[in-house]
Protein chains: 2
Amino acid sequence: MGTAPSRRLPTSEELAIWRAHIETFEIVRARIESRLQQDSQLSSGDYRVLLALNEAKGKALRSSELAAHIEWERSRLSGQLGRMEKRGLVRREPCAEDARGARVVLTEEGSRAFRASTRPHLRAIKDVFVDAFTPQQLAHLGEAAAAMRSHLNLDAAPDQP
Amino acid sequence: MGTAPSRRLPTSEELAIWRAHIETFEIVRARIESRLQQDSQLSSGDYRVLLALNEAKGKALRSSELAAHIEWERSRLSGQLGRMEKRGLVRREPCAEDARGARVVLTEEGSRAFRASTRPHLRAIKDVFVDAFTPQQLAHLGEAAAAMRSHLNLDAAPDQP
DNA sequence: GCTACATGATTCACGTGTCAACTAGATGTG
DNA sequence: CACATCTAGTTGACACGTGAATCATGTAGC
């Protein structure tokens with residue numbers, strides 16, 4: 001099922017849409033990240049880690065669970081946690097069940113920083129992203145993202161042989 | 001003119017669209033860049049610089065013209081050019097009219113690399129991006145990008161007092 | 001138990017981005 | 001001409017991302 005993708009190159013209109021889309025939303029991402037940084041001294045990486053830990057039972061996760069949850073490479077997470085630990089946002093402690101592993105624990109300070117960042121961050125998303133569009137356009141964007149995810153076969157069950 | 005942006009936070013639907021959009025198109029960008037790297041051993045930064053130089057008269061530009069053209073910070077361009085020069089894609093030569101400046105010249109090798117990269121790169125854009133959508137959806141994406149550009153006041157004349 | 005392999009996590013080298021400081025040549029004003 | 005100031009470009013410190021290599025611990029097969 002599905003139509004065969006045509007073998008031609010993109011037209012100049014298609015190319016222009018690609019370029020406009022990627023360049024524009026790159027700026028959007030940068031603006032929202034910059035607001036997060038200014039408002040809360042957090043990078044988007046910090047925020048993502050704090051969000052995941054905050055939702056976790058006991059505000060702690062095994063490092064590899066965390067990596068899987070936010071879909072990051074392990075080495076990426078390792079570096080990120082190192083920086084966050086230096087700033088006191090998280091703590092790493094040895095894991096009782098598996099001496100190889102580490103539990104990543106949200107500190108009180110990390111928890112406070114996350115709670116304080118949420119509202120202004122959501123606000124920035126509203127101001128910069130949501131308010132740019134009509135409800136129609138926003139719905140179209142949602143559909144486009146869904147179409148893309150299906151095109152790329154994301155959303156597929158992650159552990160299939 | 002224009003409706004006042006409401007002061008409420010984004011709804012969970014709006015937030016979901018934001019997250020789906022940014023995460024999905026981050027993956028799209030990564031895939032297309034990875035194809036460019038595999039097909040042509042070029043990063044997207046390399047490609048952008050080569051594209052600009054290739055279009056320039058004499059396949060050369062002053063460093064600051066180049067920076068302005070592709071809208072990069074000067075230090076970013078400086079580092080990029082250093083790496084590209086090491087690989088033989090561009091050459092920097094002193095500038096006759098202004099001894100401070102440098103002319104960035106596309107080398108024969110850089111020109112060849114760019115020409116060889118174009119088709120596979122366009123092909124990747126078609127495969128990964130364009131073919132994910134119906135023509136309607138693609139048009140909607142173009143409109144969304146335009147709405148966002150206008151929301152952010154991009155497209156404004158760059159040199160207004 | 002011992003060897004082989006799988007797994008959790010870190011480390012290293014490198015490419016890449018930002019911002020602030022710096023160098024050196026241009027320019028404008030007395 | 002002397003001085004302040006502007007401009008072109010580089011450099012350095014740091015944050016961040018990737019992939020390969022490394023190290024230690026777990027687990028399976030004998």
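Quick note on labels: first sequence line is chain A, next is B, and so on, each numbered from 1.
In the displayed structure, R119(A) atom CZ is contacted under 6.0 Å by at most 12 heavy atoms of other residues, nucleotides or ligands.
Within residues 56-63 of chain A, the residues that have a heavy atom under 4.0 Å from DNA chain C are, in order of number, R62(A), S63(A). Within residues 26-38 of chain A, no residue is approached by DNA chain C to less than 4.0 Å at the level of any non-hydrogen atom. Contact check of residues 80-106 of chain A against DNA chain C (heavy atom, cut-off under 4.0 Å) returns R92(A), R100(A), G101(A), A102(A).
Residue-level contact check: S43(B) touches the backbone only, with heavy atoms under 4.0 Å from sugar-phosphate atoms and none from bases. Looking at heavy-atom distances under 4.0 Å, S64(A) makes contact with sugar-phosphate atoms alone, never a base.
Partners of E23(A) according to the salt bridge (charged side-chain N to carboxylate O under 4.0 Å, His left out) rule, which considers only residues two or more places apart in sequence or in another chain, are R48(B). Residues passing the salt bridge (charged side-chain N to carboxylate O under 4.0 Å, His left out) test with E26(A) are R29(A), sequence neighbours excluded. With sequence neighbours excluded, the residues that form a side-chain contact (heavy atoms from CB on, under 4.5 Å) with R112(A) are E108(A), E109(A), R115(A). For the ring pair (Phe, Tyr, Trp, His ring centres under 6.0 Å) test, residues two or more places apart in sequence or in another chain that qualify with F114(B) are Y47(B). Looking at residues two or more places apart in sequence or on another chain, you find no side-chain hydrogen bond (donor to acceptor under 3.5 Å, both in side chains) involving S117(A).
Salt bridge D127(A)/R35(A): present, at least one basic N to carboxylate O contact under 4.0 Å.
In this structure, G45(A) and R74(B) both approach DNA chain D, and ranking their closest nucleotides by distance from the 5' end singles out R74(B).
Reading DNA chain D from its 5' end, the first and the last nucleotide to sit under 4.0 Å from a heavy atom of chain A are dA15(D) to dG26(D). Nucleotides of DNA chain C with any atom under 4.0 Å from a heavy atom of chain B span, from 5' to 3', dG15(C) to dA26(C).
Panel note: side chain E55(B), backbone A52(B); no donor-acceptor pair is recorded below 3.5 Å. S111(A) places no side-chain N or O within donor-acceptor distance of the main-chain N or O of T107(A), the cut-off being under 3.5 Å. No donor-acceptor pair closer than 3.5 Å links the side chain of S44(A) to the backbone N or O of E33(A).
Residue pairs that meet the salt bridge (charged side-chain N to carboxylate O under 4.0 Å, His left out) test with at least one member in residues 69-86 of chain B, sequence neighbours left out, are E85(B)-R92(B).
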**OP:** Any chance you could lay out the side chain to side chain donor-acceptor pair (under 3.5 Å) test for D46(A) and Q41(A), step after step, and finish with the verdict?
**Re:** CA-CA 9 Å; D46(A) 297 334; Q41(A) 288 75 55; over 6 Å; no
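Residues R100(B) and D98(B) approach most closely at NH2-OD2, 2.7 Å, considering heavy atoms.
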Side-chain donor-acceptor distances from residues 59-68 of chain B under 3.5 Å, at least two apart:
residue: K59(B); atom: NZ; partner: N54(B); partner atom: OD1; Å: 2.8
residue: E65(B); atom: OE1; partner: R62(B); partner atom: N; Å: 3.0

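Ring to ring, F25(A) and H21(B) are close: their centroids are under 6.0 angstrom apart.
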